[in-house]
J.: 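This is the structure I want to talk about, given as structure tokens.
Everything numeric in this text was worked out from a predicted model, so none of it was measured. Both backbone and side-chain heavy atoms feed into the values below; hydrogens, waters and symmetry mates do not.
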Amino acid sequence: MRSFILASFLSVFTSLVSAQLNNDSLYVREHYEKFEYQVPMRDGVKLFTIVYMPKDKSKKWPILMNRTCYNASNYGDYKLHNHPSHYLVKDGYILVFQDVRGRYMSGGQFDNMTPNIPGNNPKNKKDVDESSDTWDSIDWLVKNLKGNNGRVGIYGISYPGFYSAASLPDAHPALKAVSPQAPISDFFFDDFHHMGAYLQSYTAAFAVFGYQKPDTTRQDWYMDKLMRFYGKPAKDAYEFYLRLGPLKNITEKYHKDNFFWQQIINHPNYDTFWQKRNLLPHLTHIKPAVLTVGGWFDAEDLAGPLRIYKTIEKSTPNANNTIVMGPWAHGEWASGSAKSIHNHIYFGDSISPFFQREIERPFFAYYLKDEGKNELPEAYMFDTGIKQWKKFSSWPPKDIPALQLHFGENGKLSINKPLDDKAVFEYISDPAKPVPYTSQIEGLTFTPRNFMSDDQREASRRPDVLTFETDILENDVTVAGEILAKLKVAISGTDADFIVKLIDVYPDDEPNFEHNPKNIVMAGYQQLVRSEVFRGRFRNSFEKPEPFVPGQPTDVNVQLQDVLHTFKKGHRVMIQIHSTWFPYIDRNPQKYVENIYKADEKDFIKSTIKVYGSSVIGAGGEQKLMKAF
């Protein structure tokens with residue numbers, strides 16, 4: 001009966017969403033005129049651009065632009081797919097959607113994370129990058145679209161979030177407001193990699209990004225490559241990738257002809273290839289206002305928004321620079337969902353519409369139309385423990401003290417109280433039987449999402465996972481800011497990964513949410529709050545990896561992304577440490593090899609991992625993070 005009710009609810013919800021999109025499409029058709037252009041760049045390449053002009057000619061309108069690698073013609077039939085939100089559509093802007101260089105109807109060659117050329121705007125007429133393409137596009141638009149007010153805003157989610165951020169270096173003077181949302185900042189540390197480890201769950205995505213189109217097209221020319229994975233999709237990704245074996249088998253079976261995969265496997269370290277694609281060093285002297293947006297449960301691009309915001313804050317302290325982090329997975333803030341639910345956790349009603357209406361809408365209205373007031377705080381952050389929005393004058397906040405977590409015998413975890421520095425905890429990591437990233441069976445995905453707040457009870461029962469937890473909390477404990485696990489380890493092999501998890505353990509009498517299926521029990525739920533992987537070979541340098549000396553105590557620092565979470569009275573704080581996280585992250589052979597992408601089956605060995613009691617996790621505030629970024 002419950003499954004029937006849930007199915008009925010989902011059917012009604014889908015119908016409501018579809019009706020809203022149809023209504024939005026009718027509104028756009030009634031109030032906008034559509035035009036298509038081929039906009040010339042400085043090197044002669046032309047970029048396909050769709051423009052929706054308000055029919056109301058009584059006033060001048062600002063331009064609101066979205067540059068995408070995901071097919072601008074998808075927005076060509078008055079269907080905008082919630083980009084931008086219907087609040088912005090109804091407020092009135094000149095809406096622009098553009099295929100970036102080398103994609104779909106645009107000319108030129110496509111490159112992933114095109115390296116920025118400093119000082120490239122506006123005079124250099126030869127070299128091109130995403131900043132120059134944006135500069136040239138804006139220059140053409142403000143000069144050729146009648147009825148514009150000379151101001152431009154840019155927004156985008158995920159890869160379009162990167163294109164938004166890439167508009168900031170040497171920005172066009174007409175560009176006044178930029179909102180990078182779930183942006184990539186550096187491919188070696190977010191998106192296709194996490195701290196240098198490969199996101200194996202992204203394997204199918206290479207079909208989308210690793211083939212040049214044969215000619216201008218409105219069609220997805222890579223579909224036959226994508227169907228190598230999804231023609232008969234595996235229902236259990238864990239078993240699929242385990243049977244597939246080492247990463248070199250992916251090369252032979254799926255991606256031998258993929259230029260992006262070849263770049264990945266031939267540049268396993270943070271060499272100049274990746275360094276040139278790091279956008280962060282170029283985010284200096286920022287002039288447009290910036291609203292960076294991310295989701296606390298974004299398994300793809302959690303690092304990007306945090307690093308972009310912090311970089312601008314340091315390079316340009318006087319910039320109008322705001323960050324927003326909500327209880328969302330990748331890009332969910334663009335939806336109109338009535339309830340905000342991640343995995344099985346309910347966070348509140350109308351959180352995404354609140355962002356669209358009360359944060360994003362006034363941001364663009366103020367900087368592009370001189371409407372309203374600039375009342376956004378420095379940081380608008382959602383506390384995922386008490387489920388409330390919080391405003392801060394700085395991020396990380398200065399008024400919430402940092403804390404330290406210490407390990408002890410019998411799985412003890414203490415807050416701000418060292419336990420036993422001489423204790424030693426160990427486990428055997430076997431890449432043939434890796435720790436799953438989720439307690440649920442999932443098929444092939446571009447990247448999994450639900451695990452970011454998943455129940456960790458299954459992992460805590462494994463012998464290859466170290467688990468430490470506090471006593472029941474007598475008061476609320478808030479962690480706000482950066483997290484750094486300073487581990488002292490020794491391994492029997494010559495390489496290893498280290499996964500560190502921060503977990504909120506619910507009370508044994510915690511009631512279920514109304515929407516929970518029968519197999520989900522919130523009593524004792526071990527909710528993942530934050531987690532990250534670190535490839536041990538990079539402990540001293542991401543550019544020059546080195547093997548471990550077997551048995552030698554060694555420092556390994558694992559940076560987790562920021563968090564704002566209150567562990568409520570009656571809950572417990574838990575830490576887990578292990579060395580596989582499959583197939584979200586690829587398996588480390590645990591025998592040091594020069595290039596893991598080319599490792600053989602025989603290179604994968606068991607390893608005894610020791611973690612010493614002198615290890616400590618700093619949580620909250622500004623930790624002394626690694627300088628590799």
J.: Do the ring centers of F189 and Y270 come within less than 6.0 Å of each other?
T.: yes

J.: Evaluate side-chain contact (heavy atoms from CB on, under 4.5 Å) for F364 paired with D91, printing each intermediate quantity in order.
T.: CA-CA 10 Å; F364 284 117; D91 283 349; over 6 Å; no

J.: Name the atoms and distances for all side-chain donor-acceptor pairs under 3.5 Å in residues 344-354, with sequence neighbours left out.
T.:
{"unit_1": "Y346", "atom_1": "OH", "unit_2": "D349", "atom_2": "OD1", "d": "2.7"}
{"unit_1": "D349", "atom_1": "OD1", "unit_2": "K339", "atom_2": "NZ", "d": "3.4"}
{"unit_1": "S352", "atom_1": "OG", "unit_2": "W328", "atom_2": "NE1", "d": "3.1"}
{"unit_1": "S352", "atom_1": "OG", "unit_2": "E332", "atom_2": "O", "d": "3.2"}

J.: List for me each residue that meets side chain to side chain donor-acceptor pair (under 3.5 Å) alongside T580, sequence neighbours excluded, and say none if there are none.
T.: none

J.: Please check: side-chain N/O of S414 versus main-chain N/O of K417, any donor-acceptor pairing under 3.5 Å?
T.: yes

J.: If we ignore hydrogens and angles and just use 3.5 Å, is the side chain of S167 paired with the main-chain N or O of T134 as donor and acceptor?
T.: no

J.: Evaluate the ring planes of Y584 and Y437, with Trp represented by its six-membered ring, and classify them as parallel (under 30°), tilted (30 to 60°) or perpendicular (over 60°).
T.: tilted

J.: Please round to the nearest 0.5 Å and tell me the distance separating atom OG1 of T447 and atom CZ of F192.
T.: 9.5 Å

J.: For the pair S85 (side chain) and Q356 (backbone), establish whether a donor and an acceptor sit closer than 3.5 Å, ignoring hydrogens and angles.
T.: no

J.: Considering residues, nucleotides and ligands other than K412, do more than 12 of their heavy atoms fall under 6.0 Å from its NZ?
T.: no

J.: Quick check against the 3.5 Å criterion: does D555 have a side-chain atom that pairs as donor or acceptor with the backbone of K486?
T.: no

J.: Whether K398 engages the ring of F392 as a cation-pi pair (distance to the six-membered ring centre under 6.0 angstrom, angle to the ring normal within 45°) should be assessed.
T.: no

J.: Just do the side-chain contact (heavy atoms from CB on, under 4.5 Å) check on V465 and Q456 with the steps written out, would you?
T.: CA-CA 11 Å; V465 177; Q456 301 302 303; over 6 Å; no

J.: Roughly how far apart are S185 OG and L280 CG, rounded to 0.5 Å?
T.: 4.5 Å

J.: According to the interplanar angle, ranging from 0 to 90°, do the rings of W274 and F188 count as parallel (below 30°), tilted (30 to 60°) or perpendicular (above 60°)?
T.: tilted

